[in-house]
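Written out below as structure tokens is the structure these notes cover.
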Amino acid sequence: MVDAENRLAKDGSLWRHGTVTDVEWIHSGTVISRTIASAIPPVFAAYATMVVPDDHTDRDRQDAALLQLLKLSSADGQWWLGYLDTGADDVVFPDAARVRLYSGWNYVVVEAGSEQAATWRSNGSRSWRGALPDLMFPTDRAWLVSYLWDDTWRCVGGSRQLIDDLLCDDILLGREVTVGEDATPPGRAMF
């Protein structure tokens, strides 16, 4: 449900619905390419990709580890969560307006936090895309995580420390990439 002030109701609370203005920095900063800039604007100190495990149990473990790492890198705990409208997956707020990102894909974007990121998708880890939102970034834009529609990996941009911590975690399956190189993880094909 969307109220007159463009807030969305869920879990007994009202959540601010994201607009084109809230994601313009992503839209204007990304390009269609095989580089990390296809998902993450080149505004961060460091970048990585994370292969998303096919196994649901492994993916759940990776999701929990990623959320823990991101919480430690967030100043106020307020995040923007974006749910890609694939037509098959839960966008959490089906009646909400969409914003267009990347190659014209529609997202529902909501300001919430890590708890909601972990629990809002009703189909959770049973989904082929997993339980986490497809797009996450804190309100201060200190980092960005994006899981594009046709990829089997997540792209991450953030501080040098965040990326170093991601790369040191065996559960996260991270690989550092630079802005200009092909971000496709070894052994993974782009669809």
Side-chain angles (χ1 to χ4, degrees), residues 6-19 22-23 25-26 39-41 43-53 55-86 89-94 96 98-99 101 107-149 151 153-174:
N6 208 29
R7 294 176 299 172
L8 305 165
K10 186 163 182 69
D11 301 334
S13 296
L14 293 174
W15 307 92
R16 190 170 141 222
H17 178 257
T19 66
D22 298 308
V23 297
W25 70 283
I26 300 169
I40 309 290
V43 297
F44 296 103
Y47 304 88
T49 59
M50 297 171 39
V51 172
V52 177
D55 178 79
H56 296 288
T57 302
D58 291 343
R59 187 175 350 153
D60 289 347
R61 287 180 54 229
Q62 185 186 68
D63 289 355
L66 177 61
L67 287 177
Q68 183 61 34
L69 178 63
L70 296 174
K71 282 193 290 190
L72 296 173
S73 299
S74 298
D76 67 4
Q78 286 299 110
W79 298 3
W80 285 104
L81 309 177
Y83 298 91
L84 175 60
D85 189 357
T86 65
D89 248 339
D90 182 11
V91 295
V92 180
F93 297 95
R98 278 34 172 189
V99 296
L101 285 170
Y107 286 76
V108 171
V109 179
V110 181
E111 186 178 15
S114 61
E115 180 181 336
Q116 293 76 32
T119 60
W120 268 358
R121 266 216 167 118
S122 63
N123 54 356
S125 66
R126 293 177 309 281
S127 162
W128 67 281
R129 295 194 59 79
L132 292 184
D134 304 296
L135 183 74
M136 297 183 287
F137 62 94
T139 55
D140 67 1
R141 301 179 186 172
W143 48 261
L144 172 63
V145 176
S146 184
Y147 187 15
L148 297 180
W149 188 332
D151 290 343
W153 61 90
R154 289 186 175 95
C155 295
V156 183
S159 69
R160 177 80 259 161
Q161 185 64 56
L162 172 67
I163 299 304
D164 286 347
D165 291 346
L166 184 151
L167 297 172
C168 289
D169 190 319
D170 293 337
I171 294 171
L172 294 178
L173 305 174

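- Under the side chain to side chain donor-acceptor pair (under 3.5 Å) criterion, Thr49 pairs with no residue at all, not counting sequence neighbours.
- The distance from atom CG of Leu69 to atom OG of Ser74, rounded to the nearest 0.5 Å, is 9.5 Å.
- Partners of Ser114 according to the side chain to side chain donor-acceptor pair (under 3.5 Å) rule, which considers only residues two or more places apart in sequence or in another chain, do not exist here.
- Across every non-hydrogen atom of Arg141 and Phe44, the tightest pair is O-CE2, 3.4 Å.
- A heavy-atom distance below 4.5 Å is not found between the side chains of Val23 and Tyr107.
- Inter-residue side-chain proximity for Arg98 and Val108 is flagged as met; some heavy-atom pair is nearer than 4.5 Å.
- With rounding to the nearest 0.5 Å, the separation of CD in Gln62 from CZ in Arg59 is 9.0 Å.
- In this structure, the side chains of Leu67 and Met136 come closer than 4.5 Å at one or more pairs of heavy atoms.
- Between the CG atom of Leu135 and the OH atom of Tyr147 there is a distance of 14.0 Å, given to the nearest 0.5 Å.
- With values rounded to the nearest 0.5 angstrom, Arg61 atom CZ is found 14.0 Å from Leu66 atom CG.
- When the options Asp134, Leu132, Leu172 are evaluated for a side-chain contact (heavy atoms from CB on, under 4.5 Å) with Arg154, the one that passes is Leu132.
- Asp164 meets the salt bridge (Lys or Arg N to Asp or Glu O under 4.0 Å) test with Arg160; sequence neighbours excluded.
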>> As a quick check of understanding, evaluate side-chain contact (heavy atoms from CB on, under 4.5 Å) for Val156 and Leu166, giving each step before the final call.
In response: CA-CA 9 Å; Val156 183; Leu166 184 151; 3.9 Å; yes
>> Using the rule given for side-chain contact (heavy atoms from CB on, under 4.5 Å), can you reason through Trp15 versus Leu81, listing the C-alpha separation, both sets of side-chain angles and the distance that settles it, and then say yes or no?
In response: CA-CA 11 Å; Trp15 307 92; Leu81 309 177; over 6 Å; no
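- For the atom pair CH2 of Trp149 and CG of Asp85, the computed distance is 7.0 Å after rounding to the nearest 0.5 Å.
- The nearest pair of heavy atoms linking Pro133 to Ala117 is CD-O, 3.4 Å.
- Taking 4.5 Å as the limit, some side-chain heavy atom of Trp120 sits within range of a side-chain heavy atom of Val110.
- Listed here is the closest heavy atom pair of Val99 and Gly18: CG1-O, 4.0 Å.
- Summarising the geometry of Ala46 relative to Ser159, their closest heavy-atom pair is CB-O, 4.2 Å, with the distance given to 0.1 Å.
- Using cut-offs of 30° and 60° on the angle between ring planes, the pair Trp143 and Trp79 is perpendicular.
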> side-chain contact (heavy atoms from CB on, under 4.5 Å) between Gln116 and Val92: does it pass, once the steps are laid out?
Replying inline: CA-CA 10 Å; Gln116 293 76 32; Val92 180; over 6 Å; no
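- The OG atom of Ser146 lies 7.5 Å from the CD1 atom of Ile26; values are rounded to the nearest 0.5 Å.
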>> Is there a side-chain contact (heavy atoms from CB on, under 4.5 Å) between Leu173 and Met50? Walk through the geometry before answering.
In response: CA-CA 5 Å; Leu173 305 174; Met50 297 171 39; 5.5 Å; no
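- Between the side chain of Asp11 and the main chain of Ser13, no donor-acceptor pair closer than 3.5 Å is present.
- Two residues are said to be in side-chain contact when any heavy atoms from C-beta on lie closer than 4.5 Å; Pro41 and Leu144 meet this criterion.
- Residues Gly157 and Ile40 come closest through the heavy atom pair CA-CG2, 3.9 Å.
- Looking at residues two or more places apart in sequence or on another chain, you find a side chain to side chain contact (heavy atoms under 4.5 Å, CB included) between Asp55 and Thr57, Asp58.
- Under the side chain to side chain donor-acceptor pair (under 3.5 Å) criterion, Asp140 pairs with no residue, sequence neighbours left out.
- Contacts of Thr139 classified as side chain to side chain contact (heavy atoms under 4.5 Å, CB included), with partners at least two apart in sequence or in another chain: Asp76, Gln78, Trp80, Glu111.
- A 4.5 Å side-chain heavy-atom check between Leu70 and Leu162 finds at least one atom pair inside the cut-off.
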